[in-house]
Amino acid sequence: MAPLRPVALRRSNLEYLFKDLLPKLVTARKNDECGSIAVCDTLCLQALSKRIHYGKFVAEAKFQDAPSEYESAIKAKDRKLLLELLTYENVEALVKKRVELKAKTFGQVVKIDEADNVANPTYKIKPSFIANLNENWVMPLTKEVQVEYLLRRLE
Ligand SMILES: O=C(O)C(=O)C[C@]1(C(=O)O)C=C[C@@H](O)C=C1
């Protein structure tokens, strides 16, 4: 397998993270929990980075499945074609549904009344927000990693 070099997050991604995403998730206010917040943020970013960089293993499997198709796109340095080859829209739709279901399951605020009836479910975070985040940010970055990996695959 070709060496797995890290693919750096581009400035535009960092800008998106701090200017667009975080303000949608949190409210700025003074508090004394900065240390714990920084630890949680770091764990989240590490998990995201791991998920995104697993794209390299997926790309390798895709390459081994159809080496000649990928080789010609790699030799032509054709990013657009590589992106087309490695994209499976049906898989992406399934992943999106699964992410939303997981966000519903794990983000549910579990409340029962005195008669043990489960109240209408409410969520700590809107499940569709997480699903859209995955669709618009995590999957495109995973694919970017796959393209970058494949472009170096024949070196
Ligand atoms: O499952 C794959 O084939 C992947 O490459 C992963 C992934 C994803 O990020 O979830 C990325 C690209 C594909 O279009 C579908 C899904």
Side-chain angles (χ1 to χ4, degrees), residues 1-28 36-110 118 120-155:
M1 190 174 188
L4 294 178
R5 268 171 272 169
V7 176
L9 269 180
R10 280 187 282 106
R11 173 164 287 281
S12 57
N13 288 316
L14 287 176
E15 267 174 22
Y16 169 72
L17 179 68
F18 289 112
K19 292 198 181 141
D20 198 20
L21 180 61
L22 277 181
K24 284 189 186 136
L25 290 172
V26 294
T27 332
S36 320
I37 292 168
V39 170
C40 290
D41 284 357
T42 308
L43 291 173
C44 270
L45 286 172
Q46 282 174 337
L48 275 168
S49 170
K50 198 170 172 183
R51 195 279 187 207
I52 289 161
H53 283 86
Y54 275 146
K56 293 176 178 180
F57 294 97
V58 182
E60 178 62 21
K62 287 178 181 171
F63 177 86
Q64 289 192 17
D65 229 24
S68 51
E69 251 181 296
Y70 278 100
E71 269 178 36
S72 52
I74 294 168
K75 283 180 187 149
K77 294 189 172 42
D78 192 336
R79 287 172 183 270
K80 194 168 163 276
L81 179 57
L82 282 171
L83 190 61
E84 269 169 37
L85 287 173
L86 61 81
T87 296
Y88 298 109
E89 280 170 16
N90 55 338
V91 177
E92 292 189 15
L94 273 175
V95 171
K96 192 181 171 197
K97 273 193 191 153
R98 193 163 171 266
V99 166
E100 182 156 351
L101 191 60
K102 280 186 120 177
K104 273 189 180 156
T105 308
F106 297 111
Q108 189 172 338
V109 180
V110 181
V118 179
N120 279 343
T122 54
Y123 304 102
K124 291 177 203 160
I125 190 163
K126 210 170 156 195
S128 61
F129 178 82
I130 303 292
N132 290 336
L133 183 69
N134 196 70
E135 180 181 27
N136 300 324
W137 196 51
V138 178
M139 287 202 283
L141 276 175
T142 307
K143 293 198 283 184
E144 198 177 310
V145 163
Q146 293 191 34
V147 170
E148 293 304 322
Y149 172 79
L150 287 165
L151 283 171
R152 297 180 184 104
R153 177 59 178 76
L154 303 177
E155 284 173 9

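Each ligand, and each atom within it, is numbered from 1 in the order the structure gives. Side-chain atoms are counted along with the backbone in the values below, which use heavy atoms only and exclude waters and symmetry mates. Along the sequence shown, residues are numbered consecutively beginning with 1.
Within a 6.0 Å radius of CD in Glu84, other residues, nucleotides and ligands contribute more than 12 heavy atoms. Annotation for Tyr54: atom OH does not count as buried by contact number, only 12 or fewer foreign heavy atoms lying within 6.0 Å.
Under the salt bridge (charged side-chain N to carboxylate O under 4.0 Å, His left out) criterion, the residue pairs touching residues 93-107 are Lys96-Glu135, with sequence neighbours excluded.
Of the protein's heavy atoms, Gln146 NE2, 4.1 Å lies nearest to atom 6 (C) of ligand 1. For atom 1 (O) of ligand 1, the nearest protein heavy atom (residue, atom name, distance) is Val91 CG1, 3.7 Å. Of the protein's heavy atoms, Glu92 CG, 3.5 Å lies nearest to atom 15 (C) of ligand 1. Counting only heavy atoms of the protein, atom 7 (C) of ligand 1 lies nearest to Met139 SD, 4.5 Å.
Close approach to Thr87 involves these atoms of ligand 1, each under 4.0 Å from a residue heavy atom: 14 (O). The contact set between ligand 1 and Lys143, taken as ligand atoms under 4.0 Å from a residue heavy atom, comprises 11 (C), 12 (C). Close contacts between ligand 1 and Thr142 involve ligand atoms 9 (O) [criterion: under 4.0 Å to a heavy atom]. Each of the atoms 2 (C), 3 (O), 4 (C), 5 (O) of ligand 1 lies under 4.0 Å from some heavy atom of Val58.
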I'd like a table of donor-acceptor pairs (distance under 3.5 Å, sequence neighbours excluded) in which one partner is a side-chain atom from residues 67-77, with atom names and distances.
{"from": "Tyr70", "atom 1": "OH", "to": "Leu85", "atom 2": "O", "distance (Å)": "3.4"}
{"from": "Ser72", "atom 1": "OG", "to": "Ser68", "atom 2": "O", "distance (Å)": "3.4"}
{"from": "Ser72", "atom 1": "OG", "to": "Glu69", "atom 2": "O", "distance (Å)": "3.2"}

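When all heavy atoms of Thr42 and Ala38 are compared, the closest pair comes out as OG1-O, 2.6 Å. Nearest approach of Gln146 to Lys62, heavy atoms of both residues: OE1-NZ, 3.3 Å.
Polar contact with ligand 1: absent for Glu89 (N/O pair, distance under 3.5 Å).
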Evaluation steps, side chain to side chain contact (heavy atoms under 4.5 Å, CB included), between Tyr88 and Leu94: CA-CA 10 Å; Tyr88 298 109; Leu94 273 175; over 6 Å; no
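Distances from atom 2 (C) of ligand 1 to the heavy atoms of Lys62, Arg51, Arg98 show the closest one on Lys62.
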